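Encoded as structure tokens, the structure appears first; notes follow it.
These numbers come from a predicted model, not from an experiment. The figures that follow rest on heavy atoms only: side chains count, while hydrogens, waters and symmetry mates do not.
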2 protein chains.
Amino acid sequence: MVNKLDKNTPQRRAIVQVFTTCPQPLRIGEILQKARLIIPSIDQATIYRNLKRLVEQGWLLKITHPLAGTMYERSGKEHHHHFYCRKCHSVFELPGCGVNNKQVVAAGMTVEDHEVFFYGLCHECSRLTQEK
Amino acid sequence: MVNKLDKNTPQRRAIVQVFTTCPQPLRIGEILQKARLIIPSIDQATIYRNLKRLVEQGWLLKITHPLAGTMYERSGKEHHHHFYCRKCHSVFELPGCGVNNKQVVAAGMTVEDHEVFFYGLCHECSRLTQEK
DNA sequence: ATGCAAGTGCAAATGCATTATCATTCGCAA
DNA sequence: TTGCGAATGATAATGCATTTGCACTTGCAT
């Protein structure tokens, strides 16, 4: 149950299911696609409306990825960053973080948080490229 | 002189001047604004056309900032990252980098590069907030 | 079981950054 | 200096993601 003020519709349940099933951050198109496997008639306006709600309620996090655009992922995860594969365009979550904020503090700024985006070839695409 | 195939117009010179004068990455609007201090009649279509050229020629780098959107900065700088002030919305360059790619290599991915975005309050805005 | 506010699907509308069109101007090679 | 292809300014058009209006459906409190 997400919020007692919201109705528990099959569409919303489908969207929630998509995220509980899939660990990576997802683009609108991917969410729509996956949700349609559950409810074929689901519309993208419904996706947008529910995503907005789920973000407001803190159940989802909205990410703006420099290359992949707007994405959503479940909130409450440990601090982590993302890897983008330039070949298959998938985005993966990377646990951990190797960033130190010292340099920023030195510059007199107050750092609240940060975000790191890695780019390259994912495991699968790396492998396919090598065995050429 | 950027490229002998291009005409050396006052508009292009103005844009180049903006970037040689200003060290931070700039948004379209900021570039337009600053260029108009030099050539008041300059149009934004001209800005777009020249930015495109300058990027193709490798003189500028296009950045997609999660919060600030599309920005441009001079290329050839040392590896660095950016700080975004949530209050005044300015973007500053931060020299150096505290990222290690080890974790990614461990995950079987081939990292080509990365980008870090810091968020918080800039020096100026931090100061103003404190002395309240 | 019923009523109604909330949610949905569909399609059109919006907002926005960016690009294209085109008549005019201008840089620059000859 | 002159001619022409490239560049500019002004504006319209495009492409996109996102939103909205509306008629219809549905969850859920009563």
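Looking at which nucleotide of DNA chain D each of A/D43 and B/I39 is closest to, the 5′-most match is held by B/I39. Across the interface with DNA chain C, nearest-nucleotide mapping of B/I28 and A/A45 shows A/A45 to be the residue nearer the 5′ end.
For B/Q44, whose side chain is taken as the heavy atoms from C-beta onward, the closest listed nucleotide among C/dG9, C/dT18, D/dA7 is C/dT18. Here the nucleotide nearest the side chain of B/K7, chosen from D/dA6, C/dA5, C/dT8, is D/dA6. Here C/dT18 is the nucleotide among D/dA17, C/dC10, C/dT18 with the atom lying nearest to any side-chain atom of B/T70. The side chain of B/T46 lies closest to D/dT8, out of C/dG9, D/dT8, C/dA17.
Here A/Q11 does not reach the OP1 or OP2 of D/dT26: none of its side-chain N or O atoms lies under 4.0 Å away. Between A/T9 and C/dT8 there is a side-chain N or O to OP1 or OP2 distance below 4.0 Å. Distances shorter than 4.0 Å separate none of the side-chain N or O atoms of B/R12 from OP1 or OP2 on C/dG27. For C/dT19, the OP1/OP2 oxygens have no side-chain nitrogen or oxygen of B/Y48 closer than 4.0 Å. Dashed line: the shortest gap from a side-chain N or O of B/N8 to OP1 or OP2 of D/dA7 is not under 4.0 Å.
The neighbour count for A/E78 CD, taken as heavy atoms of other residues, nucleotides or ligands under 6.0 Å away, does not exceed 12.
Ionic pairing of B/R49 and B/D43 is not present here: no N-O contact between side-chain nitrogen and carboxylate oxygen is shorter than 4.0 angstrom.
B/H81 is listed as a side-chain neighbour of B/C97, based on a closest heavy-atom distance under 4.5 Å.
As rounded to whole Å, 7 Å separates atom P of D/dT8 from atom CD1 of B/I42. In this structure, B/I38 atom CD1 and D/dT8 atom P are separated by 14 Å, rounded to whole Å.
Within the 4.0 angstrom heavy-atom criterion, no nucleotide atom of any strand lies near B/R13.
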